[in-house]
Amino acid sequence: MSDDFGLSSPNIIQTDNRPLEVLENDIYTRVEHISTSKVKEPSERNPLCSGIMHGINEGKMEDKGLIVSENGMNNRNKAIRAQHYVGAYGEQPSSRAPEVYFPVKNKADFNSASLFELLSRYERGGKKLKDENLSNRSKIATSDQKLTTEEIIRVAAERYIQFQNKDLEGITTFIHPRGSVLSSLSVEETRGANLAHLLLAAADKILDGNFDSARRLLTNCDCKASKSGNPIERLASYISEALQERIHREKGSRKIGIASLDQTVLAAHMKIPFSKALHFASTQTILEHVTTETSIHIIDLHIRSGIHWPPMIQALSERKVHQVQLLKITALDTEDKQKVEDIGKRLESFADSLKIPFSFDVVTVDDMSYLRKELFDIQSGEAVVIFAPTLLRTMIPRPDKLETLMRVIRELNPLIMIIYEVDANDNSTSFINRFVDSLFFYSTWFDCLEDCLDRDDQYRMNLEKYYFGSGIMNSIANEGEERITRSVKIDVWRSYFARFQMVEVEVPGSSFHQAEMVLKKEFSCARFCTLSTDSKCFIIGWKGTPMFSLSTWKFKQAPSYF
């Protein structure tokens, strides 16, 4: 075990003096040579939107079903009251159905006053655009003093609140409302702020039902935006498309189709830091909880390519005490059983090469409503671990199926349940709330891609076009059951899990350290990643904006083995 990681027990991923990247690549290459079939990522509608994508800064918006205050209504008639703010944190009216979101009331969408209140909430609750923030940002990257895409949008939002009664074309000089140093924007930043202003104005027009004016604003935006430009130009292009689709739907027109994309999740795992850091931190967490177990049964609720399990197998193979008698992985499959079985064959070959007793099983259900405890082959003495990477959020639109899954997990009574999820807040029933959330959330992602991948990288373009573009389209243009792109914050999950008598367990410090080491060794852009804790969970963010949470859970009763 290398001392580079500073971990004494249990053994974790790196086991010799080779760099972690070399070791992981060697593991994956060995698996490829052993098996005759190549691992491919199982097809999914929005793998990065439901996997390694989405995230919104915690604290930027307090969406808790409360009555909107009038204090944030700048330059508007203060007699106009905003309606109840309906969103991801709305109170749930029933203790029976464990739905992750419930609106306070089913009301019509807000009038345009709501947009200004939402922007004011972001400004009051989020990162303030003050001079001291510039010095804080220099701690992250002293060589880059440019505003982030999110900060540019915040500047545009402040200007929009100040000049909402004026035509954008009539504002020739950018004036920051607070008169801070941010009033001296570069030409590129000013263009970006203008794009964001156009998007805000178009959304406002859509709220008022003035679709012709909204179209004109979006046409102007399209002339200035570009899918091959800087981050805010690319973001604006996709947001504009989604708003135009929203107009089509409001008028009953045919929706825009989204093309499919070849599998790219493995490449994302290698080039974008979140996925790998979460996988290694999750592996470390599992190892911490099974240090004395010799019969381990991991139930993977979203196995994807299975690339995260070879390091676990190798770490278990190096135990000097409590040697593993059996490692069993059961994958839950709802899409393509053959692909998952191929993954199992590759993992089995790898385990055999390390002389680890291994078995792989697939539980296939066409509909999660049919999931039952009896489908899982749980044997006496097995320590059951549930691993749920970015799966639960995909079931928010189907609360009955999510409830079924959670009840089955409770019946399985695992030793530990490990969950990592997108730490975002785009589950509101209100279009304008989702528009604002998406605008800020995706601004962080487009900044991330700009820093991690070359601008002419075909992989980056595919990600933005098919994954992020699809997510933006679904969140802004769709309603009801068609809106499958949804996320909630960790506090919402905590309230939800409490209904199943689940208790949060602190993520081990070694898992936090493991993520730090992976980021440091693997990614040149990792200097922009931020690691923090929220109570007992682990948060990974980008330039201070939370993106994903990693949390661990147990049921209140003592685990029992079948």
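Not measured: the values here are computed from a predicted model. The basis for the numbers below is simple: all heavy atoms, side chains too, and nothing from hydrogens, waters or symmetry mates.
Taking the six-membered ring for Trp, F358 and W309 have ring centres at least 6.0 Å apart.
Annotation for P357 and K355: closest pair CD-O, 3.7 Å, computed over non-hydrogen atoms. The minimum heavy-atom distance linking S551 with V507 is given by the pair CA-CG2, 4.1 Å.
Using bins of under 30°, 30° to 60° and over 60° for the plane-to-plane angle, the ring pair F468/Y442 lands in the perpendicular bin. Aromatic ring pairs are classed by plane angle as parallel below 30°, tilted from 30° to 60° and perpendicular above 60°; the pair F528 and W542 is tilted.
Side chain of S349 to backbone of K345: a donor-acceptor contact under 3.5 angstrom is found. Side-chain atoms of R527 do not come within 3.5 Å of backbone N or O of F523 as any donor-acceptor pair. Without hydrogens or angle criteria, D300 side chain to I303 main chain gives a donor-acceptor distance under 3.5 Å.
Neither side chain, E288 nor S511, offers a donor N or O lying under 3.5 Å from an acceptor on the other. S510 and Q284 share a donor-acceptor pair across their side chains, judged by distance under 3.5 Å alone. Side-chain contact, H308 with T283: no donor N or O sits under 3.5 Å from an acceptor N or O. Side chain to side chain, S495 and W493 fail the donor-acceptor criterion of an N or O pair below 3.5 Å.
Considering R494, K536, K554 in turn, R494 is the only one that fulfils the salt bridge (charged side-chain N to carboxylate O under 4.0 Å, His left out) rule with E504.
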